[in-house]
Amino acid sequence: MNYCSVCGAPNELRIPAGDDRERAVCTACDTVHYVNPRAVVGCVVEHEGALLLCRRAIEPALGKWTMPAGFLEIGESLVEGARRETREEACAEVEVLAPFAQLDLPHIGQHYALYRARMLSPGFAAGVESLEVRMFGLDELPWEELAFPVVHFALRFYVEDVRARRQLLHLGVLRWLGAGSRYDAANYEVAEHLPVPLQGPHPAGP
Ligand SMILES: [Zn+2]
């Protein structure tokens with residue numbers, strides 16, 4: 001942030017008094033501009049044993065597949081945001097069934113909150129940010145064409161849970177291993193993975 005959002009004067013990077021890290025501070029009115037992580041919310045939508053994925057019409061990762069997800073808006077709860085993103089990107093109305101994954105991405109200042117959801121009606125279509133929306137069986141997921149590493153790990157957890165007939169909430173931290181493409185899941189690990197058992201067998205299980 002180069003200019004103060006309060007008075008428009010230039011900012012400078014410095015450590016404010018009593019703080020422990022550099023911030024953008026206004027050179028005229030001393031306003032400190034804090035930048036904090038953002039919440040991304042989305043749904044893993046199940047329908048008749050398949051998952052709904054969207055092919056992105058926007059950068060980054062244009063043309064790659066993801067579950068419907070996006071930034072939480074002011075005034076929304078996490079669940080409301082997840083349902084809205086599913087409506088916007090896949091034109092699908094869903095009911096949230098359970099929390100599924102809460103993954104921190106500290107290297108890019110994002111926190112993902114993903115929910116298991118089911119379609120309230122059978123219709124779906126590509127929203128303005130999607131090129132294409134379709135259902136994938138768990139044996140045909142497009143592993144080589146996923147948009148982001150977080151999508152890869154979330155779908156991997158999901159498939160493992162269905163196969164093991166268990167329902168878990170996955171807490172964890174996605175860490176880049178320090179080399180290689182930041183778009184390649186092979187260059188990441190999920191640290192501090194804490195799978196929390198939820199009641200009952202996985203409803204989508206065989
Ligand atoms: Zn200012």
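We count ligands from 1, going down the list as the structure has it; atoms in each ligand are counted the same way.
Checked against a 6.0 Å centroid threshold, the rings of Phe124 and His47 do not count as neighbours.
Under the rule for a salt bridge (Lys or Arg N to Asp or Glu O under 4.0 Å), the partners of Asp139 that lie at least two apart in sequence or sit in another chain are Arg163. Arg84 meets the side-chain contact (heavy atoms from CB on, under 4.5 Å) test with Glu73, Glu76, Arg87, Glu88; sequence neighbours excluded.
Within the protein, the N, O or S atoms lying under 2.8 Å from the Zn ion (ligand 1) are Cys4 SG, Cys7 SG, Cys26 SG, Cys29 SG.
Judged by distance alone, the side chain of Asn187 and the main-chain N or O of Ser181 form a donor-acceptor pair under 3.5 Å.
Summarising the geometry of Ala50 relative to Met135, their closest heavy-atom pair is CB-CB, 4.0 Å, with the distance given to 0.1 Å.
Residue pairs meeting the ring pair (Phe, Tyr, Trp, His ring centres under 6.0 Å) criterion with at least one partner in residues 67-111, sequence neighbours excluded, are Phe100-Tyr158, Phe100-His170, His107-Tyr188.
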